[in-house]
Amino acid sequence: MKFFIYILALQQLYLQSVAQDFDFFYFVLQWPGAYCDSRHSCCYPKTGKPAADFGIHGLWPNYKTGGWPQNCNPDSQFDDLRVSDLMSNLQREWPTLSCPSNDGMKFWTHEWEKHGTCAESELDQHDYFEAGLKLKQKANLLHSLTNAGIKPDDKFYEIKDIESTIKKSIGFSPGLECNKDSSHNSQLYQIYLCVDTSASNFINCPVMPHGRCDSRVQFPKF
């Protein structure tokens with residue numbers, strides 16, 4: 001009987017370890033102007049209006065097959081004390097625009113519990129959020145785009161020019177996701193960058209996200 005229980009325990013551990021395996025991360029950056037244009041409402045966080053810059057949406061473990069793990073460890077809950085030294089940076093670089101206006105805790109809790117727990121084989125909670133902040137700084141996408149004359153000024157730009165500018169900046173092709181505003185304009189909404197399992201280096205995307213964009217897209221003001 002004890003041996004049977006031991007075998008079951010080993011199987012459970014094995015299944016948990018398999019569930020937490022992944023092949024790469026999507027590092028997803030979101031343009032706030034497009035978020036606010038495409039939603040019925042958006043609300044600035046309690047810290048005030050975010051900067052007119054890409055904000056972090058998430059750091060998401062993925063499989064090369066196109067699927068992804070999620071909610072891998074219900075016992076691993078978000079604890080703001082573990083990231084207290086990162087809090088000001090999270091508020092600035094990883095803000096929420098959901099309504100009603102809030103302090104971001106619900107958003108970060110969701111990102112950790114749905115996505116971060118599936119990367120615990122590589123990153124603990126502090127490392128996970130710190131990795132996202134470092135990747136945002138490393139990518140520096142708005143700087144690269146504005147230097148190429150692609151600015152958030154409500155004008156339309158060729159999607160191929162946006163892709164090539166980002167590829168020139170980080171060395172790898174991005175995945176782009178667009179949305180439609182109330183006038184049905186295709187807008188630059190989210191940028192997907194692929195990252196290795198250490199969450200340190202950009203890589204070629206094993207699989208691209210299924211985002212749809214017109215050949216010319218608007219880069220809305222914020």
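Just so it is clear, the model here is predicted, and its values are computed rather than measured. If you read the sequence from its start, that first residue is 1, and numbering goes on from there.
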Given the ring of Phe202, does Lys138 sit roughly above its face, with NZ or CZ under 6.0 Å from the centre of the six-membered ring and within 45° of the axis?
yes
Partners passing side chain to side chain contact (heavy atoms under 4.5 Å, CB included) against Lys151 (at least two apart in sequence or in another chain)
Thr146, Asp153, Tyr157
Out of curiosity, Cys72 SG to Gln70 CD, how far, rounded to the nearest 0.5 Å?
8.0 Å
Once rounded to the nearest 0.5 Å, what's the spacing between atom CD of Gln125 and atom CG of Leu86?
10.0 Å
Of all residues at least two apart in sequence or in a different chain, which pass the ring pair (Phe, Tyr, Trp, His ring centres under 6.0 Å) check with Phe129?
Phe78, Trp94
Side-chain touch Arg92/Met87, heavy atoms, less than 4.5 angstrom
no
List the steps and the verdict of side-chain contact (heavy atoms from CB on, under 4.5 Å) for Gln77 and Glu113.
CA-CA 6 Å; Gln77 298 181 350; Glu113 294 182 356; 3.7 Å; yes
Modelled atom types, side-chain donor and acceptor of Asp37 and Gln187, under 3.5 Å
yes
Please report the shortest heavy-atom distance between Thr197 and Asp23, naming the atom on each side.
CG2-O, 3.4 Å
Closest non-hydrogen atoms of Leu59 and Ala131, given as atom of the first, atom of the second and distance, are CD2-CB, 4.2 Å
If the condition is side-chain hydrogen bond (donor to acceptor under 3.5 Å, both in side chains), which residues does Ser76 pass it with, not counting sequence neighbours?
Trp112, Glu120
Would you tell me whether Asn71 and His115 have side-chain atoms, one donor and one acceptor, within less than 3.5 Å of each other?
no
What distance do Asp124 atom CG and Glu130 atom CD have between them, rounded to the nearest 0.5 Å?
9.0 Å
Applying salt bridge (Lys or Arg N to Asp or Glu O under 4.0 Å), can you list everything that pairs with Asp53, at least two apart in sequence or on another chain?
Lys136
Are more than 12 heavy atoms from other residues, nucleotides or ligands located less than 6.0 Å from atom NZ of Lys134?
no
Could you measure the distance from the CD atom of Gln218 to the CG atom of Asn179? Nearest 0.5 Å is fine.
10.0 Å
Residues in side chain to side chain contact (heavy atoms under 4.5 Å, CB included) contact with Pro50, at least two apart in sequence or another chain:
Tyr44, Pro45, Pro95, Leu97, Phe222
Once rounded to the nearest 0.5 Å, what's the spacing between atom CG of Leu90 and atom OG1 of Thr47?
11.0 Å
Sorted by chain and number, sequence neighbours left out, side chain to side chain contact (heavy atoms under 4.5 Å, CB included) with Lys221 holds for Asp154
Less than 4.5 Å apart, any side-chain heavy atom of Phe219 and any of Ile162?
no
Intermediate values then yes/no, side-chain contact (heavy atoms from CB on, under 4.5 Å), Trp60 and Trp68
CA-CA 8 Å; Trp60 303 341; Trp68 59 88; over 6 Å; no
Minimum heavy-atom separation for Tyr26 to Cys194, with atom names?
CE2-SG, 3.6 Å
Please walk me through it: do Ile203 and Phe24 pass side-chain contact (heavy atoms from CB on, under 4.5 Å)?
CA-CA 9 Å; Ile203 59 172; Phe24 70 100; 3.9 Å; yes
List for me each residue that meets side-chain hydrogen bond (donor to acceptor under 3.5 Å, both in side chains) alongside Gln91, sequence neighbours excluded, and say none if there are none.
none
Sort and list the pairs that fulfil salt bridge (Lys or Arg N to Asp or Glu O under 4.0 Å) and have at least one residue in residues 185-205, not counting sequence neighbours.
none
Could you go through Leu141 and Ile191, starting from their C-alpha distance and side-chain angles, then the distance that decides it, and tell me whether this counts as side-chain contact (heavy atoms from CB on, under 4.5 Å)?
CA-CA 9 Å; Leu141 292 187; Ile191 297 175; 3.8 Å; yes
Transitively linked via ILVMFWY side-chain contacts under 4.5 Å: Leu133 with Met105?
yes
Less than 4.5 Å apart, any side-chain heavy atom of Leu29 and any of Ile56?
yes
State, yes or no, whether a side-chain contact exists between Lys64 and Val207 at a heavy-atom distance under 4.5 Å.
no
Contact summary for Asn102 and Gly104, nearest pair of heavy atoms:
OD1-N, 2.9 Å
Can you give the donor-acceptor pairs under 3.5 Å from side chains of residues 166-175 to other protein atoms, not counting sequence neighbours?
unit_1: Ser169; atom_1: OG; unit_2: Ser144; atom_2: OG; d: 2.8

Sequence neighbours excluded, the answer for side-chain hydrogen bond (donor to acceptor under 3.5 Å, both in side chains) partners of His110 is none
Which residues pass the salt bridge (Lys or Arg N to Asp or Glu O under 4.0 Å) test with Glu163, sequence neighbours left out?
none
Partners of Gln190 by side chain to side chain contact (heavy atoms under 4.5 Å, CB included), sequence neighbours excluded?
Val28, Gln30, His57, Glu177, Tyr192
Grab the two heavy atoms, one from Gly132 and one from Phe27, that are nearest each other, plus how far apart they are.
O-CZ, 3.4 Å
Is a donor on one side and an acceptor on the other found under 3.5 Å between the side chain of Lys160 and the backbone of Arg216?
no
Quick check against the 3.5 Å criterion: does Glu122 have a side-chain atom that pairs as donor or acceptor with the backbone of Tyr128?
no
When you compare the side chain of Phe25 with that of Leu123, does any pair of heavy atoms fall below 4.5 Å?
yes
Using a 4.5 Å cut-off on heavy atoms from C-beta on, say whether the side chain of Asn185 contacts that of Phe156.
yes
Thr96 side chain to Ser98 main-chain N or O, any donor-acceptor pair under 3.5 Å?
yes
State, with a plain yes or no, whether a side-chain heavy atom of Asn140 is found less than 4.5 Å away from one of Phe54.
no
Which distance, rounded to the nearest 0.5 Å, do you find between the SG of Cys213 and the CD1 of Ile159?
4.0 Å
How about Cys99 and Cys43: are their SG atoms under 2.5 Å apart?
yes
Decide yes or no for Trp31 and Pro152: does some side-chain heavy atom of the first lie under 4.5 Å from some side-chain heavy atom of the second?
yes
Salt-bridge criterion met for Lys180 and Asp214 (N-O under 4.0 Å)
yes
